[in-house]
Chemist: 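One structure is given below, represented as structure tokens, and several questions about it will come after.
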Amino acid sequence: MNFLLETLQVLLMSLVYSLEAFVRLFIPPRKKNVSGDFVLLTGAGSGIGRLMALEFARLGARLVLWDINEDGNNETARMIKETHGARAYTYTCDCSNREEVYRIANQVKREVGDITILINNAGIVTGKKFMESPDSLIEKSMEVNSLAHFWMYKAFLPAMIAANHGHLVSIASSAGLIGVNGLADYCASKFAAVGFAESMALELLATGCDGVKTTIVCPFFINTGMFDGANTKWPRIMPILEPEYACRKIVDAVRREQVYVYMPRSIYIAIVLKNLLPTKMGVLLGEYLGAFNFMAKFKGH
Ligand SMILES: NC(=O)c1ccc[n+]([C@@H]2O[C@H](COP(=O)([O-])OP(=O)(O)OC[C@H]3O[C@@H](n4cnc5c(N)ncnc54)[C@H](O)[C@@H]3O)[C@@H](O)[C@H]2O)c1
Ligand SMILES: *[C@@H]1O[C@H](CO)[C@@H](O)[C@H](O)[C@H]1NC(C)=O
Ligand SMILES: *[C@@H]1O[C@H](CO)[C@@H](O)[C@H](O)[C@H]1NC(C)=O
């Protein structure tokens with residue numbers, strides 16, 4: 001195609017997509033019906049994993065729950081049975097162990113069938129200054145928060161590609177978009193998770209597999225216990241999120257096939273400023289927003 005024609009086409013389509021995005025501000029896309037879906041959640045035994053499992057069960061989806069913690073996982077299944085009368089399939093799996101992921105994934109395919117919505121949610125945090133973090137915990141963070149996502153895709157994506165239907169959800173973090181003092185290994189692992197999910201979405205698109213969707217979730221602190229003691233300086237601008245709110249936003253975003261979900265909304269502004277402002281001004285603003293002391297009183301679970 002010649003240069004002029006192609007450029008004109010891009011300009012025209014840019015206009016169309018801008019208009020579409022503008023209209024979408026007022027009329028959001030319809031939420032898809034997930035009643036026929038098989039949803040697999042890692043880290044389903046507590047926190048927002050459990051809440052998302054309950055929400056998808058309420059919407060009529062079949063649930064496959066994975067956690068390293070058998071007690072917590074069973075409790076989630078019991079809650080689903082009690083509130084929605086539905087059976088959830090539970091599997092005890094350490095998703096940082098590649099062999100175990102492949103083994104349990106085969107078991108799921110035999111016992112339940114193909115997964116259509118995969119939610120990589122399991123996560124851990126060290127919460128110490130980097131030089132004081134034990135090597136084993138640093139390695140574990142990378143294994144659970146990022147490497148596990150590779151193995152889960154390897155296990156469950158082929159069936160989605162074959163059917164050109166499915167949805168990949170990455171529960172990353174705003175710490176996967178901006179570095180944070182006191183969270184170096186966690187940030188590294190979450191940046192990796194974001195980069196992986198984003199690249200895979202492009203790889204799928206480039207191979208014409210447009211029926212497999214991706215949603216990348218980057219929340220600020222959520223009040224689940226995982227980050228107990230972490231503090232925010234101006235809760236009006238950077239509130240610690242309620243788990244129920246975060247869960248509702250994520251499930252809605254999946255049903256609307258939204259690709260990026262940042263919360264609270266001030267994260268969108270923080271990202272723009274980080275990339276736009278002179279570096280010293282960015283640091284100044286970060287300090288003003290209390291970003292240097294987020295982890296000062298961290299206790300965790
Ligand atoms: N809580 C927050 O402030 C916050 C903020 C942003 C992002 N996130 C992310 O949200 C996700 C859920 O966090 P949460 O707040 O519900 O925490 P949580 O600790 O309540 O839940 C995490 C779950 O993952 C499970 N898990 C841990 N390691 C595992 C492993 N190796 N294999 C299988 N399961 C494992 C745990 O047993 C637990 O049930 C995490 O990925 C976390 O990084 C949390
Ligand atoms: C979703 O689809 C199922 C059948 O696939 C149907 O029974 C149900 O009524 C639908 N729900 C909504 C809210 O449209
Ligand atoms: C969890 O549930 C399974 C299956 O129902 C059961 O076999 C197992 O003993 C339970 N584990 C715990 C720790 O309660």
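As a basis for the values below, the full set of heavy atoms in this structure was taken, side chains included, without hydrogen atoms, waters or symmetry mates. One-based numbering, in listed order, for ligands and for the atoms of each.
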Chemist: Please write down residue, atom name and distance for the protein heavy atom closest to atom 11 (N) of ligand 3.
Modeler: E70 OE2, 2.6 Å

Chemist: Looking at atom 13 (C) of ligand 3, what's its closest protein heavy atom, distance included?
Modeler: D71 OD1, 3.0 Å

Chemist: Answer side chain, backbone, both or neither: which part of E143 comes under 4.0 Å from ligand 1, heavy atoms only.
Modeler: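 No part of E143 comes within reach of ligand 1.
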
Chemist: Measure from atom 26 (N) of ligand 1 to every heavy atom in G45, A122, A193, P219 and give the option owning the shortest one.
Modeler: A122

Chemist: Have a look at ligand 1 and work out which part of I124, if any, has a heavy atom under 4.0 Å from it: side chain, backbone, both or neither.
Modeler: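 Near ligand 1, I124 shows its side chain, while the N, CA, C and O stay back.
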
Chemist: Please classify the C93 to ligand 1 contact at 4.0 Å (heavy-atom distances, strictly less than): side chain, backbone, both or neither.
Modeler: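 Contact part for C93 vs ligand 1: backbone (N, CA, C, O).
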
Chemist: How close does the nearest protein non-hydrogen atom get to atom 12 (C) of ligand 2, and which residue and atom is it?
Modeler: N33 ND2, 3.5 Å

Chemist: Determine the sole option in T215, D37, T116 for which the side chain to side chain donor-acceptor pair (under 3.5 Å) test with H167 is passed.
Modeler: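 That would be T215; it is the only one of T215, D37, T116 passing the side chain to side chain donor-acceptor pair (under 3.5 Å) with H167.
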
Chemist: Among all protein heavy atoms, pick the one closest to atom 16 (O) of ligand 1 and tell me residue, atom and distance.
Modeler: I48 N, 2.9 Å

Chemist: Between R78 and E82, is the closest basic N to carboxylate O distance under 4.0 Å?
Modeler: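 Counted as a salt bridge, because a side-chain N and a carboxylate O are separated by less than 4.0 Å.
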
Chemist: Under a plain distance cut-off of 3.5 Å, with no hydrogens placed, do D185 and T126 share a side-chain donor-acceptor pair?
Modeler: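 There is such a pair between these side chains.
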
Chemist: Is the number of heavy atoms from other residues, nucleotides or ligands under 6.0 Å of K129 NZ greater than 12?
Modeler: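 Atom NZ in K129 is not packed in, count stays at 12 or less.
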
Chemist: Are any of the protein's heavy atoms under 4.0 angstrom from atom 1 (C) of ligand 2, yes or no?
Modeler: yes

Chemist: Does ligand 1 have a heavy atom under 4.0 Å from the side chain of W66, from its backbone, from both, or from neither?
Modeler: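 The answer is neither.
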
Chemist: Using a 4.0 Å cutoff against the non-hydrogen atoms of S35, which atoms of ligand 2 qualify?
Modeler: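 Going through ligand 2 atom by atom, the ones under 4.0 Å from S35 are 1 (C), 2 (O), 3 (C), 5 (O).
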
Chemist: When you look at F22 and F26, which way does the ring pair (Phe, Tyr, Trp, His ring centres under 6.0 Å) test go after all the steps?
Modeler: CA-CA 7 Å; F22 184 72; F26 306 99; 5.3 Å; yes

Chemist: Side chain, backbone, both or neither: which part of I171 has a heavy atom under 4.0 Å from ligand 1?
Modeler: both

Chemist: I'd like the name of whichever of N69, N74, T92 reaches closest to atom 10 (C) of ligand 3 through any heavy atom.
Modeler: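 Result: the heavy atom closest to atom 10 (C) of ligand 3 is in N74.
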
Chemist: Please work out, at 4.0 Å between heavy atoms, whether the side chain, the backbone, both, or neither of A172 comes within that distance of ligand 1.
Modeler: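 The part of A172 near ligand 1 is the backbone, not the side chain.
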
Chemist: Over all heavy atoms of both residues, which pair between E242 and N223 is shortest? Give the atoms and the distance, please.
Modeler: OE2-ND2, 3.8 Å

Chemist: Is there a polar contact between ligand 1 and S173, counting only N or O atoms under 3.5 Å apart?
Modeler: no

